[in-house]
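Notes to accompany the following structure.
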Number of protein chains: 2
Amino acid sequence: MPKALIFDVFGTLVDWRGSIARGLAPWVPDADARSAFADLWRARYQPSMEEVRSGRRPFVPLDTLHRENLDAVIDDTGSTIPEGDRETVNLLWHQLDGWPDVAGGLARLGRTFILCPHSNGNVRLMLDMARHNGWRWDAILGAETTGHYKPRPESYTRAAEILMLPPGEVMMVAAHNGDLAAARACGLATAFIPRPTEHGAGQTIDLEAEADWDVVARDLDDLADKLGA
Amino acid sequence: MPKALIFDVFGTLVDWRGSIARGLAPWVPDADARSAFADLWRARYQPSMEEVRSGRRPFVPLDTLHRENLDAVIDDTGSTIPEGDRETVNLLWHQLDGWPDVAGGLARLGRTFILCPHSNGNVRLMLDMARHNGWRWDAILGAETTGHYKPRPESYTRAAEILMLPPGEVMMVAAHNGDLAAARACGLATAFIPRPTEHGAGQTIDLEAEADWDVVARDLDDLADKLGA
């Protein structure tokens with residue numbers, strides 16, 4: 001049984017695509033164009049972190065990468081978001097809305113387990129998102145705290161070290177099979193929760209568990225049931 | 001007006017001396033000897049961190065220093081705390097009791113301000129202490145998160161950087177004039193709260209504000225009044 005649950009956030013706890021699309025309304029009038037903009041912005045997420053993971057670039061927080069990627073998407077799409085509004089747009093990532101089960105699920109799980117986000121988002125981003133959604137964390141782990149972007153193994157091992165727990169007593173909770181595979185390779189326990197509309201109605205990846213994760217749950221409430229919380 | 005309050009913890013928020021003395025009861029029967037043991041343990045705190053601050057030793061978390069200092073105090077005093085109990089004794093620092101005003105004061109201040117501990121204690125120590133006292137933090141800053149022990153300037157500047165705030169919008173709250181002087185030198189706002197029995201009835205230091213700190217308050221409730229929270 002784990003003592004701490006650490007959570008992937010983008011996709012697993014929050015609907016980043018829907019939230020970003022809603023937040024873009026003042027700048028991008030058409031709803032489909034907003035979803036497409038969100039997809040293009042997110043498509044630059046992994047490649048931009050790979051520059052850091054590979055060692056080609058020193059660590060910078062995700063807000064910095066998000067801002068660079070925003071400028072690139074504006075250039076690519078010819079959007080008319082003025083320079084003076086771009087910091088506000090960039091901070092939309094700090095105000096993403098949780099999936100409906102998350103606030104109640106975290107409150108329930110927090111009575112039994114240490115709960116921390118373990119996201120590639122930076123500390124202030126996670127802190128603002130927690131306030132926006134009424135969540136309370138025991139501590140904020142993740143990329144800025146560990147100095148490494150997932151799925152670098154140092155990210156997971158350092159998280160367990162900070163928590164002063166053997167890796168097997170730390171459970172990574174994610175909607176992404178790849179995140180869980182990387183966590184398991186470091187000895188962490190694993191829980192999969194499918195989020196089949198993270199990428200919209202036509203999602204084709206991470207629709208189900210692709211390995212025998214320690215727990216597979218429908219949502220955080222089901223996870224609490226399965227962990228006896 | 002600050003946007004975030006960051007707190008010294010040992011002495012400012014918790015009665016470390018009384019809590020450690022109470023916790024030592026199973027191993028040290030005499031109450032005066034327990035307080036003396038707590039003082040000796042704490043007396044090694046600054047010198048042990050100075051090894052790290054000076055660069056003579058790579059960063060290690062405070063739990064590591066506390067344990068080394070515990071072994072030294074046991075040697076010095078001829079105490080009979082068996083090796084197998086020492087990890088339990090070391091973890092007494094994770095369960096220190098807050099001063100009476102702290103739980104209510106933090107709950108009130110948290111409605112208006114971002115609240116983070118900025119202590120030399122490590123993340124798990126702060127996390128356990130928060131659960132023990134019913135406090136909820138927005139994030140855990142401090143030595144393990146910033147990589148520097150106070151009063152190194154990097155500790156304060158990195159805290160503001162992680163919070164994505166100009167230093168002047170971050171207020172250091174402490175019962176120690178030296179901590180506030182170091183924070184002010186880095187541009188942080190400052191609030192002093194006297195804790196005249198931190199070191200017991202005969203305390204001679206930090207009995208009052210020794211500079212024109214931005215706020216001087218009797219306790220956290222008075223601080224909330226003075227900040228309009």
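Naming: A, B, ... by sequence-line order, numbering from 1 per chain.
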remark   = Note: vs chain A, highest number of non-hydrogen pairs under 4.5 angstrom among B:Thr146, B:Leu165, B:Asp138 is B:Asp138
remark   = Rounding to 0.5 Å, atoms CG (A:Leu127) and CD1 (B:Ile114) come to a distance of 5.0 Å
message = Would you compute the distance between atom CG of A:Asn122 and atom CD1 of B:Ile162 and round it to the nearest 0.5 angstrom?
response = 10.0 Å
request  = Specify which of A:Gly110, A:Pro61, A:Gly147 makes the most heavy-atom pairs with chain B at under 4.5 Å.
outcome  = A:Gly110
request  = Measure the spacing between NE2 of B:His94 and CE of A:Met164 and express it to the nearest 0.5 Å.
outcome  = 4.5 Å
